[in-house]
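Notes to accompany the following structure.
What's counted below: heavy atoms across the whole structure, side chains too, no hydrogens, waters or symmetry copies.
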Amino acid sequence: MKRVFLYAASLAMIVSMASCGNQNNKKTEKTADAATETKADAPAYKLLDKPQVDLSEFPVDKDGYYVIFDGKTMKGWRGYGKDNVPARWVVDDGAIKFIGSGGGEAQVGDGGDLIFSHKFKNFELEFEWKVSKGGNSGVLYLAQEVTTEKDGQTILEPIYISSPEYQVLDNANHPDAKLGVDGNRMSASLYDMIPAKPQNQKPYGEWNKGKIMVYKGTVVHGQNDVNVVEYHLWTQQWTDMLQASKFSQEKWPLAFELLNNCGGENHEGYIGFQDHGDDVWFRNIRVKVLD
């Protein structure tokens, strides 16, 4: 009887283990299928390939920076996804100004984001900026011009789904400063991912100095002569930050795919200024190529 009992118990254990193995295999298959489905959620897209300006046509200052805005003309600049400068971007007292529409991210026809029409890879960008009371904008870099198709129509996707953003904001008066996590939507922050620390912004209406350095994946944001953000593109750290933001694979598959490989195959892209519906000014804009 003991032998029969032991045999029966052993048989039951083998059947149970086989059953667990099948369940684990099914779980693995479901996980793989779910991953495939999540990846498939990102729609097909295309990148515009518009002509770029020749940097040799722009002056180089004593520090080795290309001066990409002369304070008088919009040479080299155009609208994101456009061939001309949108009417709301003007030259105002030696600065590039966006004339606010009051519509926030709902950009109007004569607005839209502004880009310098040359792709940079390893570079240091310096600029000055100021905003109106409650103003919001941003500086984008390594940006691509991305289009998708829907119902037979070509849609120009927003610039920020392919580009990290240096936040430009009136911290004291815009509600976005209190959103996000730990101040990661305040000025000079890597928008929605890393807060600028220390936070040394000057009030609205006053000029702030900005700096963005990109070199072989290392990125630094500077504000008013202090480095306030550092991170590393194309690393697990970068992927993890995206997954914890509004650009996660689950929340925004296309943005996640583009940002996770930010700059595309060549790791290069455009510098841009954001139309967020508010008055904003940029001046003393210069770029040093670090290649």
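From Asp92, atom CG reaches atom CH2 of Trp281 across 7.0 Å, with rounding to the nearest 0.5 Å. Atoms CD1 and CD1, from Ile271 and Ile212 in turn, are 7.5 Å apart once rounded to the nearest 0.5 Å. Rounded to the nearest 0.5 Å, atoms OG (Ser163) and CD1 (Ile115) are 10.5 Å apart. Expressed to the nearest 0.5 Å, how far CD1 of Ile161 lies from CD of Gln144 amounts to 11.0 Å. Leu258 CG to Ser162 OG: the interatomic distance, rounded to the nearest 0.5 Å, is 6.0 Å. How far CG of Asn208 is from CG of Asp225: 10.5 Å, rounded to the nearest 0.5 Å.
Of all non-hydrogen atoms in Gly64 and Lys288, the two that sit nearest each other are O-CG, 3.8 Å. In terms of heavy atoms, Pro195 sits closest to Ser189 at CA-OG, 3.4 Å. Summarising the geometry of Arg185 relative to Leu169, their closest heavy-atom pair is O-CD2, 3.3 Å, with the distance given to 0.1 Å.
Between Glu128 and Arg283 a salt bridge is recorded (basic side-chain N to carboxylate O distance below 4.0 Å).
Taking the six-membered ring where the residue is Trp, His221 and Tyr141 present perpendicular rings, their angle passing 60° and hence far from 30°. The aromatic rings of His118 and Phe116 are tilted relative to each other, their planes meeting at an angle between 30° and 60°.
Annotation: salt bridge (Lys or Arg N to Asp or Glu O under 4.0 Å) contacts of Asp49 (sequence neighbours excluded): none. Evaluation of the ring pair (Phe, Tyr, Trp, His ring centres under 6.0 Å) rule for Tyr65 yields no partner, not counting sequence neighbours. Checked against side chain to side chain contact (heavy atoms under 4.5 Å, CB included), Ser187 has the following partners two or more places apart in sequence or in another chain: Trp129, Asn171, Gln199, Gln201, Gln223.
No donor-acceptor distance shorter than 3.5 angstrom exists from the side chain of Asn136 to the backbone of His276, with no hydrogens or angles considered. Asn227 places no side-chain N or O within donor-acceptor distance of the main-chain N or O of Gly222, the cut-off being under 3.5 Å. Looking at Trp89, its side chain does come within 3.5 Å of a backbone N or O of Gly112 through a donor-acceptor pair. Side chain of Ser117 to backbone of Pro51: a donor-acceptor contact under 3.5 angstrom is found. Put simply, the side chain of Asp110 never gets that close to the backbone of Pro86: no donor and acceptor are under 3.5 Å apart. Between the side chain of Glu126 and the backbone N or O of Gly210 there is no donor-acceptor pair closer than 3.5 Å. When atom types are taken as modelled, the side chain of Trp234 and the backbone of His267 share no donor-acceptor pair closer than 3.5 angstrom. In this structure, Asp170 contributes its side chain and Gly134 its backbone to a donor-acceptor pair below 3.5 Å. Side-chain atoms of Arg78 do not come within 3.5 Å of backbone N or O of Asp83 as any donor-acceptor pair. Formation of a donor-acceptor pair under 3.5 Å by the Asp151 side chain with backbone atoms of Gln153 is not found in this model.
The local environment of NZ in Lys119 is crowded, with over 12 non-hydrogen atoms from other residues, nucleotides or ligands closer than 6.0 Å. For Asp93, the CG atom counts as loosely surrounded, since its 6.0 Å shell holds 12 or fewer non-hydrogen atoms of other residues, nucleotides or ligands. Within 6.0 Å of atom CD in Glu206, more than 12 heavy atoms from other residues, nucleotides or ligands are found, so the atom counts as buried in its surroundings. The environment of NZ in Lys46 is sparse: at most 12 heavy-atom neighbours from other residues, nucleotides or ligands sit within 6.0 Å.
Among Glu165, Gln167, Met241, the one residue that satisfies the side-chain contact (heavy atoms from CB on, under 4.5 Å) test with Leu190 is Met241. Checked against Val146 for a side-chain contact (heavy atoms from CB on, under 4.5 Å), the options Ile159, Leu156, Ile155, Leu47 give a single hit: Leu47.
In this structure, Lys246 satisfies the cation-pi test against Tyr160, with its NZ or CZ atom closer than 6.0 Å to the six-membered ring centre and inside 45 degrees of the ring normal. Geometrically, Lys75 engages Phe58 in a cation-pi contact defined by less than 6.0 Å to the ring centre and at most 45° from the axis.
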Exercise. Decide yes or no on ring-ring contact (aromatic ring centres under 6.0 Å, His included) for Phe127 and Tyr166, but give the supporting numbers first.
Key: CA-CA 12 Å; Phe127 55 97; Tyr166 177 113; 5.4 Å; yes
Practice problem: Could you give me the CA-CA distance, side-chain angles and deciding distance for Asp240 and Gln236, then say whether side chain to side chain donor-acceptor pair (under 3.5 Å) is met? | Solution: CA-CA 6 Å; Asp240 291 345; Gln236 189 61 48; 2.8 Å; yes
Exercise. Starting from the C-alpha separation in whole Å, work towards a yes-or-no answer on salt bridge (Lys or Arg N to Asp or Glu O under 4.0 Å) for Arg286 and Asp61.
Key: CA-CA 9 Å; Arg286 61 181 194 164; Asp61 66 16; 2.7 Å; yes
Exercise. Go through the steps for Thr148 and Glu157 under the test side chain to side chain donor-acceptor pair (under 3.5 Å), then give the verdict.
Key: CA-CA 7 Å; Thr148 54; Glu157 297 290 341; 2.6 Å; yes
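Between the side chains of Glu230 and Thr218, not a single donor N or O lies within less than 3.5 Å of an accepting N or O. When only modelled atom types and interatomic distance are considered, Thr239 and Asn260 share a side-chain donor-acceptor pair under 3.5 Å.
Trp77 has its ring centre less than 6.0 Å from the ring centre of Phe273.
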